Amino acid sequence: MRVDRILDDLNPDQRRAVLHGEGPLMVLAGAGSGKTRVITRRIARLLRDGVPPWSVLALTFTNKAADEMRRRVQDLGGDTVAVATFHSACARFLRQDAERLDYPRGFTIYDTYDRDQCLRMVAEEHGLDLQRVRPADLGRAISRLKNVRVRPAEFRPGHGELDRCVSLVYGPYEARMRRQGAMDFDDLLLNFLDLLEQHPEAAQAYQQRFRWVLVDEFQDTNLVQYQLLRQLCREHQNLCVVGDPDQSIYRFRGAEVRNMLEFQRDFPGTAVVRLETNYRSTPQIVHAAEAVIANNHMRLEKALHTENEPGEPIAVLRAPSPDAEAAAVAAGVRERLQDGASPADVAVFYRTHFLSRAVEEAFRGEGIPYVVVGGVSFFERREIKDLLAYLRAAVNPLDDVSFERILNVPARGFGKAALARLREAANQRACSLLEAVRDPEVRALLAGKARRGAESLASLYEELFTEVAHGAATSLGLVLERTGYREYACGLGDPEDVARSENIDELLTHATNYDAEHAGEGLPGYLQRVSLVTAEEEQGEPKGPRVSLMTVHAAKGLEFDHVYVVGMEEDLFPHSRAAGSDEDLEEERRLLYVAITRARRSVQLSHAAYRTVGGSIRHALPSPFLKELPAEVVARHGAADLRIESQDAEWEGSQETPDLECGARVRHPVYGEGVVLDVSGAGIRTRARIRFRDGAERTVLLDYVRLQILPPRGATW
DNA sequence: CGATCGTCCTTTTTT
DNA sequence: AGGACGATCG
């Protein structure tokens, strides 16, 4: 009998998806049902049937997922297939067609930090009080608008302070970004969509080039990504999307589960395949995950089952303290390792990054090798961002945010006054800061120290402009040599010096490797890559197997034998900021569903009796989600059940806090009448910002103060 | 102008 | 507890 590498080990449903011919295809794939396998095999099948590899485009959301898929596609012989994240694919396409959109080819990509920096400048220009509205808040709000394709002119602000500021700043921000030749992450998608819509000949070229498009984690596409797919596949309709509505966990950045519902409407004749057999986990794990997710109301019907052998119960652990929790996890992991598990088969998840700390310490104490995935990545470090900013300004001299970053780093006598003068000169000449510095007339306006600084910067950039063509590493070397940056950053005294110097070396190595591997791409290509790669895994993994520590978000798409989730506490998981609406709460539940279903063999969920939140200690209640686990598959440790019972009353009690809405009138026992501006937090930590009669705004902890809710009145003040 | 000190505020999740 | 930013002083 003949062996078929592509089809033999697939079940009938998987096979149907792989063999599906032309036309739209949607695969509803439960956790662990072989989703990635279906996509990669489908690609292999297409290639085997004569589809040219360059006409296939496979899209994912995270770099990690893209790397993984690329690896698996390559194993099946598809080395030249384009596998990319949405953002990196768009960036690459835009690089080709930037001019059509009036962007320079060397446009800069701003990460969140740069974006906020840019917003800070704009906000300052418009006299906003940055104490009250932080750039990051503006940035998030604007990003949310971009996710739903609301342009500045279309924005209808609500009554909040934030909206007012956004309406003031959004347009100018866009203008400034354009002037600087910069795009934020959202712009990458938006601008490419604009390109497709406004330039039919360009759209046609992409449609004809990529005749087969496949999308992983489709439940996380936002509106823009969805429209982009529709444009791209408008002619041929050869779009295969794979997703699981129960694993949609990016609502906060605009993901629309609705896309899965509307797909069949927008793509008539869609073939639908359901994958409901879980090949990954024990029945206990599958049952627990299903029981949790069953509490969500907004769901597509889907049932997951497994024929795997039974294993251990789900462990729920209560620890007296965060340190004890971490120690218990470390001890448990140690035991797994002694039983023969590889560290690479074990993972610890948490809802928020800061919870990694305690676990890290415990692991160090136990001598367990670990790696923190995500967090502050290599390319977000101060010294790395500084050096890259030098290069970015060289590739894109319009990029004021980057240039201003390095203008006085290391110090060159550019203080507040000199910077103001430089800005003014640039404004007058309608040019960028770097262009201004290059102008001898402008330099003549500066005082002694700053002038000398400007002279040296100007001459550095004259050289850099020619060096740019020679690649990333030599440009970087030039910057280091001419600025004395290394001495500046690694010179004086603190223990971080060595690490910073090592980081700089690592960047040099990284750049050298890139130049060697991507000869034609040059510095622009390099900068694009480092802007979109969050990865610390970028520099290979020569370090041997390690236990992975990561957020649940980062864990999506991965699987491990043994999974530990720490911080299973109210206000933490579900997160307090997500307690506002049912939609948010359901997303938190999906997050737990994702966490549990990562595990092949065992799951432990733990919580501590208190948590240190911001210097102060907070009593911590077990996550309400823990009560949703079916008793028959759970083993509780550390008197967890007892605590849950005894704390129920307390929990229920805090629910009695009256539901306050923004705009409600209230009476405060001390301050008298006021209007609620904002409600945040949850449970005993629900806070309301209230403006009182005397004009002052105060934040009130609802659990502490009995507010009397007054009947609404016509006028607000 | 820049370094040091003090204060404030933070901690959601990702490209 | 720790980092970022602002104010103050040299």
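Because the structure is a prediction, the values reported are computed rather than measured. Each chain gets a letter, A, B and so on, in the order the sequences are listed, and its residues count up from 1.
With sequence neighbours excluded, the residues satisfying side-chain contact (heavy atoms from CB on, under 4.5 Å) with A:Arg421 are A:Leu445, A:Leu446. Legend: residues meeting salt bridge (charged side-chain N to carboxylate O under 4.0 Å, His left out) with A:Arg144, ordered by chain and number and at least two apart, are absent. The salt bridge (charged side-chain N to carboxylate O under 4.0 Å, His left out) test applied to A:Glu521 returns no partner, not counting sequence neighbours. Applying the salt bridge (charged side-chain N to carboxylate O under 4.0 Å, His left out) rule to A:Arg299 yields the partners A:Asp246; only residues at least two apart in sequence or on another chain are considered. Residues passing the side-chain contact (heavy atoms from CB on, under 4.5 Å) test with A:Glu68 are A:Arg71, A:Arg72, sequence neighbours excluded. For A:Asp216, the salt bridge (charged side-chain N to carboxylate O under 4.0 Å, His left out) test picks out A:Lys35, with sequence neighbours left out. Partners of A:Arg452 by side-chain contact (heavy atoms from CB on, under 4.5 Å), not counting sequence neighbours, listed by chain and number: A:Lys449.
Only the C1' atoms considered, C:dG3 is 22 Å distant from B:dT14, to the nearest whole Å.
Of the residues in residues 347-361 of chain A, those with a non-hydrogen atom less than 4.0 angstrom from any atom of DNA chain B are A:Arg351, A:Thr352, A:His353, A:Phe354.
For A:Arg120, the side-chain atoms get nearest to C:dG6 when compared with the rest of C:dG6, B:dT15, B:dT11. Comparing B:dT12, B:dT15, B:dT14 by their closest approach to the side chain of A:Thr551 singles out B:dT14. Taking only side-chain atoms of A:His575, from C-beta outward, the nucleotide of B:dT12, B:dT14, B:dT15 with the closest atom is B:dT12.
Atom CG in A:Leu592 sits roughly 17 Å away from atom P in B:dT13 (whole-Å rounding). Taking atom CG of A:Asn63 as the reference point, atom C1' of B:dT15 lies 8 Å away to the nearest angstrom. As rounded to whole Å, 8 Å separates atom P of B:dT13 from atom CZ of A:Phe252. Between the CZ atom of A:Arg618 and the P atom of B:dT11 there is a distance of 15 Å, rounded to whole Å. One can place CZ of A:Arg382 at 10 Å from C1' of C:dG3, the figure rounded to the nearest angstrom. A straight line from CZ of A:Arg405 to P of C:dA4 spans 11 Å, rounded to a whole angstrom. Atoms CZ (A:Arg611) and P (C:dA1) sit 16 Å apart, rounded to a whole Å. One can place CG of A:Asn191 at 15 Å from C1' of B:dT15, the figure rounded to the nearest angstrom.
Judged by centroid separation below 5.5 Å and plane tilt below 30°, A:His87 does not stack onto the base of B:dT15. In this structure, A:Phe61 does not count as stacked on the base of B:dT14 under the 5.5 Å centre distance and 30° plane angle limits.
Of the charged side-chain nitrogens involved, at least one lies within less than 4.0 Å of a carboxylate oxygen, so that A:Asp111 and A:Lys385 count as a salt-bridged pair. Salt bridge status for A:Glu583 with A:Arg251: absent, with no side-chain N to carboxylate O gap under 4.0 Å. No salt bridge links A:Lys64 with A:Asp67; every basic N to acidic carboxylate O contact stays at or beyond 4.0 Å.
When each of A:Glu588 and A:Thr62 is assigned the nucleotide of DNA chain B with its nearest heavy atom, A:Glu588 is the one assigned upstream, toward the 5' end.
For the OP1/OP2 pair of B:dT14 and a distance below 4.0 Å, the side-chain nitrogens and oxygens of A:Arg253 include no atom meeting the criterion. Contact annotation: A:Arg134 side-chain N/O to B:dT10 OP1/OP2 distance is under 4.0 Å.
Contacts of A:Thr112 with the nucleic acid, taken as non-hydrogen atoms under 4.0 Å apart, include base atoms.
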At a cut-off of 3.5 Å, list every protein nitrogen or oxygen paired with a nitrogen or oxygen from nucleotides 1-7 of chain B, distance to 0.1 Å.
{"unit_1": "B:dC1", "atom_1": "OP1", "unit_2": "A:Gly415", "atom_2": "N", "d": "3.2"}
{"unit_1": "B:dC1", "atom_1": "OP1", "unit_2": "A:Ala418", "atom_2": "N", "d": "3.0"}
{"unit_1": "B:dC1", "atom_1": "OP2", "unit_2": "A:Ala417", "atom_2": "N", "d": "3.2"}
{"unit_1": "B:dG2", "atom_1": "OP1", "unit_2": "A:Gly413", "atom_2": "N", "d": "2.8"}
{"unit_1": "B:dG2", "atom_1": "OP2", "unit_2": "A:Asn408", "atom_2": "ND2", "d": "3.2"}

